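Quick caveat, the model's predicted, so the values are computed rather than measured.
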Amino acid sequence: MVRVPFRAAADRVRHRLTRFTRPKSAARTTARTPGDLTGSAPKPYARALSMLAVVVIGAWLGLLAVGSIRTPVGPMDTNMTLRPSLTGGSKINVSPLGALELDSHIAPLRLDVDVDRLDPVRSQALVDQPERFSGLQDEVTRDVAAGTRELAVRSCVAVISGATALGLVVYRRPRRALAAGGLALTLLAASGVSAYATWNPKSVLEPKFSGLLSSAPSLVGDARSIVTEFDIYQQELARLVTNVTRLYDATSTLPVYQPDPGTIRALHVSDIHLNPAAWHIIASLVEQYEIDVIIDSGDTMDHGSAAENGFLDPIRDLGAPYVWVRGNHDSMVTQAYLEKLRNVTVLDDGRTVNVAGLRIAGTGDAQFTPDRSKPVGGKAAAELEGMRLATSLRDQEQAGTPVDIAVAHDPNTARQTDGTVPLVLAGHLHNRINEQLKGGTRLKVEGSTGGGGLRAVQNDKPEKVRASVLYLDRSTRRLQAWDEITLGGLGLTTAEVSRHLPEENLKKDAPSSPAPTPSPTRSPARPTPSP
């Protein structure tokens with residue numbers, strides 16, 4: 001056991017002697033004449049470049065791993081991160097509205113601030129005491145400075161640890177690894193000095209807007225109402241969904257239909273219109289109802305611009321496959337972005353897919369009219385698109401692969417599929433319609449799952465939030481029942497969950513459904529659970 005340290009020490013001494021003696025002889029034998037360009041680059045330069053590369057990569061990896069903090073900035077809860085940059089400055093991301101860029105400092109580091117949420121207590125305080133707006137600049141400056149100091153300490157640890165660890169992996173020598181860590185700290189300190197010397201607190205008053213903020217500056221003027229109302233609204237709605245569905249499970253006494261464990265459960269949503277609260281509600285419904293597939297009948301966006309695409313990212317984490325068709329507020333840019341997201345299936349031109357045991361076909365809206373500034377084809381264009389979808393459905397029937405559910409955005413498109421599919425889903429109207437068409441197809445139009453979108457905060461009367469859970473038999477894939485979930489709009493805390501049955505199911509008992517405990521039939525309309 002004692003020999004190992006001595007042997008290691010001897011090996012290190014031998015290695016150092018060899019290193020010190022070999023370069024001298026090599027230098028004499030490989031000396032270049034003034035015009036000789038064939039020799040190799042001097043070793044010190046290569047070592048310096050190698051060390052610099054290790055330091056930069058290691059520091060970057062360290063910052064990615066632990067170089068961020070959560071801190072309040074004014075009425076906002078934020079996530080602050082340092083990133084390498086050629087121009088410096090700060091960038092405040094306010095998803096999904098866009099970003100604000102500030103010329104706050106000049107250094108090879110950029111400060112990224114991601115706004116996670118608006119704190120309702122601090123926001124309400126600003127509204128209750130308007131005089132505090134005059135001191136908001138100083139408050140934000142103090143918060144950013146305090147967060148920056150904390151971020152600087154954590155970044156030092158992250159940079160030194162990352163560069164030292166990578167140096168140890170690359171060089172396998174503690175001394176070289178410590179040198180890498182020291183160099184990383186020196187570079188970070190130099191960047192910090194540069195940022196401190198050029199710090200410009202007045203940059204908060206002169207931001208550069210990008211994304212939707214650049215095309216809608218009026219949103220800044222409406223910030224008070226959005227700040228004070230919207231964040232509370234989306235949190236309470238998500239909590240309300242959870243409480244209401246639990247209450248419904250506990251008190252619902254509907255002996256006519258009880259979902260079998262093997263029943264396919266589809267969640268129909270539509271017309272989200274860029275409302276982030278919708279994702280909280282959908283995620284809660286997926287969990288509470290054990291949803292197998294989410295079907296979105298379009299108008300997820302407001303203008304279909306590329307700047308809005310980041311709003312769609314939460315779809316990946318909703319916990320169920322997502323089937324989507326394009327609405328008249330969704331562009332081909334929107335569609336292309338969704339096609340790249342995992343767990344998302346985009347239907348267009350009658351495309352048919354098998355998802356969660358269902359065969360679903362759909363088509364995008366024939367028109368793109370986000371602001372009604374372009375010529376509109378109207379009902380005729382929608383019906384023509386519906387005829388194409390109906391032709392595709394008939395082809396599937398003749399091929400022996402009939403479709404279970406068709407999806408379109410405009411009800412005028414959906415009506416053209418009558419007689420070719422048992423169930424067709426649509427949206428567009430921001431109101432529910434349940435209609436048995438003459439050819440036997442059931443048309444179900446969903447309301448706005450986004451409560452009309454972000455613009456709803458400016459309406460005099462809140463628009464309700466609507467979604468439906470569809471229960472389909474796994475063997476026949478026919479609709480057995482559906483639950484309609486209706487939540488109060490902005491500022492309201494009402495909720496309604498009601499069970500509905502197709503007319504044909506009202507005339508007979510479902511033999512495969514287990515009978516629940518007998519009790520009077522009732523629907524829990526507008527329960528108001530405690531938060």
- prompt: Between CG of N354 and CG of L358, what distance do you get to the nearest 0.5 Å?
  reply: 9.0 Å
query: Is there a side-chain contact between D299 and D330, using heavy atoms and a 4.5 Å cut-off?
result: yes
message: Ring centroids only, cut at 6.0 angstrom: are H273 and H430 within range, meaning strictly under it?
response: yes
S284 (side chain) donor-acceptor with H280 (main chain) under 3.5 angstrom: no
field: Pairing residues for N309 by the side-chain hydrogen bond (donor to acceptor under 3.5 Å, both in side chains) criterion, not counting sequence neighbours
entry: none
- prompt: Is N434 close to W482 at the side-chain level, that is, under 4.5 Å between some pair of heavy atoms?
  reply: yes
task: For R415, check side-chain hydrogen bond (donor to acceptor under 3.5 Å, both in side chains) against everything at least two apart and list the hits.
output: E435
message: Would you compute the distance between atom CD1 of I281 and atom CG of L267 and round it to the nearest 0.5 angstrom?
response: 10.5 Å
query: Between Q335 and R326, is there a donor-acceptor pair closer than 3.5 Å when you use the side chain of the first and the backbone of the second?
result: no
- prompt: Has Q436 got more than 12 heavy atoms of other residues, nucleotides or ligands less than 6.0 Å from its CD?
  reply: yes
- prompt: Side-chain contact, heavy-atom cut-off 4.5 Å: Q396 with P402?
  reply: no
- prompt: Any side-chain donor-acceptor pair under 3.5 Å between R388 and Q416?
  reply: no
- request: Measure the spacing between CZ of R154 and OG of S161 and express it to the nearest 0.5 Å.
  value: 11.5 Å
message: With no hydrogens and no angle check, just 3.5 Å: does a side-chain donor-acceptor pair link T363 and R351?
response: no
query: What are the two closest non-hydrogen atoms of V424 and A414, and how far apart are they?
result: CG2-CB, 3.6 Å
field: side chain to side chain contact (heavy atoms under 4.5 Å, CB included) partners of A283, counting only residues at least two apart
entry: L318
query: Are the side chain of Q288 and the backbone N or O of V286 linked by a donor-acceptor pair below 3.5 Å?
result: no
Between CZ on residue F311 and OH on residue Y337, distance to nearest 0.5 Å: 12.0 Å
message: Do L472 and D404 have side chains that approach each other closer than 4.5 Å (heavy atoms only, starting at C-beta)?
response: no
- prompt: Does the side chain of D473 pick up a donor-acceptor pair with the side chain of T476 at under 3.5 Å?
  reply: yes
message: When you compare the side chain of V269 with that of Y322, does any pair of heavy atoms fall below 4.5 Å?
response: yes
Candidate list I282, L338, N343, test side-chain contact (heavy atoms from CB on, under 4.5 Å), partner I315, passing option: L338
- request: Just jot down the salt bridge (charged side-chain N to carboxylate O under 4.0 Å, His left out) partners of R316, sequence neighbours excluded, or say none.
  value: D313
- request: Would you check if I405 and L425 make a side-chain contact, meaning some heavy-atom pair closer than 4.5 Å?
  value: yes
task: Kindly say whether I294 contributes a backbone atom to a donor-acceptor pair with the side chain of W324 at under 3.5 angstrom?
output: no
field: Electrostatic pair R466-E446, nearest N-O below 4.0 angstrom
entry: no
message: Please enumerate all residues that pass side chain to side chain contact (heavy atoms under 4.5 Å, CB included) together with D418, with sequence neighbours excluded.
response: L437, K438, T441
message: Quick check: do L312 and T334 have side-chain heavy atoms less than 4.5 Å from each other?
response: yes
message: Less than 4.0 angstrom from a charged side-chain N to a carboxylate O is my criterion; do E397 and R394 meet it?
response: no
- prompt: Do E385 and T413 have a side chain donor and acceptor closer than 3.5 Å?
  reply: no
task: Determine, stepwise, if the pair R70 / N79 fulfils side chain to side chain donor-acceptor pair (under 3.5 Å).
output: CA-CA 4 Å; R70 291 186 60 83; N79 191 66; 4.7 Å; no
- request: Measure the shortest side-chain to side-chain distance between V465 and T486 over non-hydrogen atoms and say whether it is less than 4.5 angstrom.
  value: no
message: If I take atom CG from residue D271 and atom OG from residue S297, how far apart are they, to the nearest 0.5 angstrom?
response: 6.5 Å
statement: Only one of D296, T300, I272 passes side-chain contact (heavy atoms from CB on, under 4.5 Å) with T449, and that residue is I272
query: Judged by atom type as modelled, is there a donor-acceptor pair below 3.5 Å linking the side chain of R499 to the main-chain atoms of A481?
result: no
message: Minimum heavy-atom separation for G298 and S270, please, with both atom names.
response: O-OG, 3.7 Å
task: Go through the structure and list residues passing side chain to side chain contact (heavy atoms under 4.5 Å, CB included) with P411, not counting sequence neighbours.
output: A426, H428, L429, V445
task: Output, in order, the C-alpha distance, side-chain angles, deciding distance and verdict of side chain to side chain donor-acceptor pair (under 3.5 Å) for T369 and N328.
output: CA-CA 5 Å; T369 56; N328 63 293; 3.2 Å; yes
field: Within 6.0 Å of CZ in R474, more than 12 heavy atoms from elsewhere
entry: yes
query: In Å, rounded to the nearest 0.5 Å, how long is the span from CG of L393 to CZ of R359?
result: 10.5 Å
